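First the structure, in the form of structure tokens, and then the observations on it.
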Amino acid sequence: MATFKPHNFGDRLNTAASAKKAALEKFEAKTAALAAVSAEKQAERAALVAAREARAAERELTKQAQMVQDAQAKAERLAAEAEAKLAEAARLAAEAEQEAVLEIERKAARDARYAARKARK
């Protein structure tokens, strides 16, 4: 059987300091290993964020280009509609003028018939 050795206060302080030192060394070793892994993960995250921002910028450019294209198409459509309205108005004006000329010719023919009828009586 082992003999009993009484520990004094100094021995207990030395043992506690040794245990703290060993725990600190173990923690620092883990921290150094984790720091390398953490740096890799952080670099990966930064790359993902940069790629995400690039895709968002590309989407925004595509969206703006589509808006410009839509605006141009709308302007062209409105110009075509305005031209069609002008052509329709010109056609209606020509028809109205022709109808007025026909009406004047009909009235002249009617007046001539009326005058001929009066002249016969």
Side-chain angles (χ1 to χ4, degrees):
M1 186 165 165
T3 59
F4 178 70
K5 289 186 177 182
H7 295 290
N8 60 14
F9 186 68
D11 291 339
R12 286 184 289 169
L13 282 179
N14 288 337
T15 305
S18 298
K20 285 182 183 180
K21 187 175 180 182
L24 181 64
E25 288 174 358
K26 184 178 176 183
F27 175 75
E28 287 175 352
K30 278 186 179 179
T31 304
L34 288 177
V37 172
S38 176
E40 283 182 24
K41 286 184 179 181
Q42 189 174 7
E44 288 175 8
R45 285 188 203 117
L48 288 175
V49 167
R52 188 177 304 124
E53 289 174 354
R55 287 191 309 269
E58 184 178 339
R59 277 193 306 270
E60 185 64 28
L61 285 175
T62 303
K63 183 179 177 182
Q64 288 178 357
Q66 183 64 37
M67 287 174 58
V68 167
Q69 192 175 25
D70 290 346
Q72 287 175 343
K74 184 177 180 180
E76 289 173 1
R77 183 173 42 88
L78 289 175
E81 287 176 4
E83 186 177 326
K85 283 182 182 180
L86 285 175
E88 180 67 17
R91 186 186 64 79
L92 289 175
E95 283 181 7
E97 183 181 342
Q98 187 177 14
E99 186 65 32
V101 169
L102 286 175
E103 187 63 32
I104 291 172
E105 289 174 357
R106 282 189 216 126
K107 186 174 184 325
R110 187 178 62 234
D111 288 347
R113 283 192 313 267
Y114 181 74
R117 196 171 43 226
K118 283 291 189 183
R120 280 184 274 159
K121 289 189 180 183

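Values in this document were obtained by computation on a predicted structure and should not be read as measured data. The first residue in the sequence is number 1, and the count goes up from there.
Here the side chains of Arg52 and Val49 are in contact, with some heavy-atom distance below 4.5 Å. Thr62 is not listed as a side-chain neighbour of Gln66, based on a closest heavy-atom distance of 4.5 Å or more.
Glu99 is linked by a salt bridge (charged side-chain N to carboxylate O under 4.0 Å, His left out) to Arg106, counting only residues two or more places apart in sequence or in another chain. With sequence neighbours excluded, the residues forming a side-chain contact (heavy atoms from CB on, under 4.5 Å) with Glu28 are Leu24, listed by chain and number.
Remark: Gln42 CD is loosely packed, at most 12 non-hydrogen atoms of other residues, nucleotides or ligands lying under 6.0 Å away. Crowding of Glu88 atom CD: a count of heavy atoms from other residues, nucleotides or ligands under 6.0 Å exceeding 12. For Glu95, the CD atom is densely surrounded, since the number of other residues' heavy atoms within 6.0 Å is greater than 12.
Electrostatic pairing of Lys107 and Asp111 counts as a salt bridge here, judged by a charged N lying under 4.0 Å from a carboxylate O. In summary, Glu81 and Lys85 do not engage in a salt bridge, as defined by a charged side-chain N under 4.0 Å from a carboxylate O.
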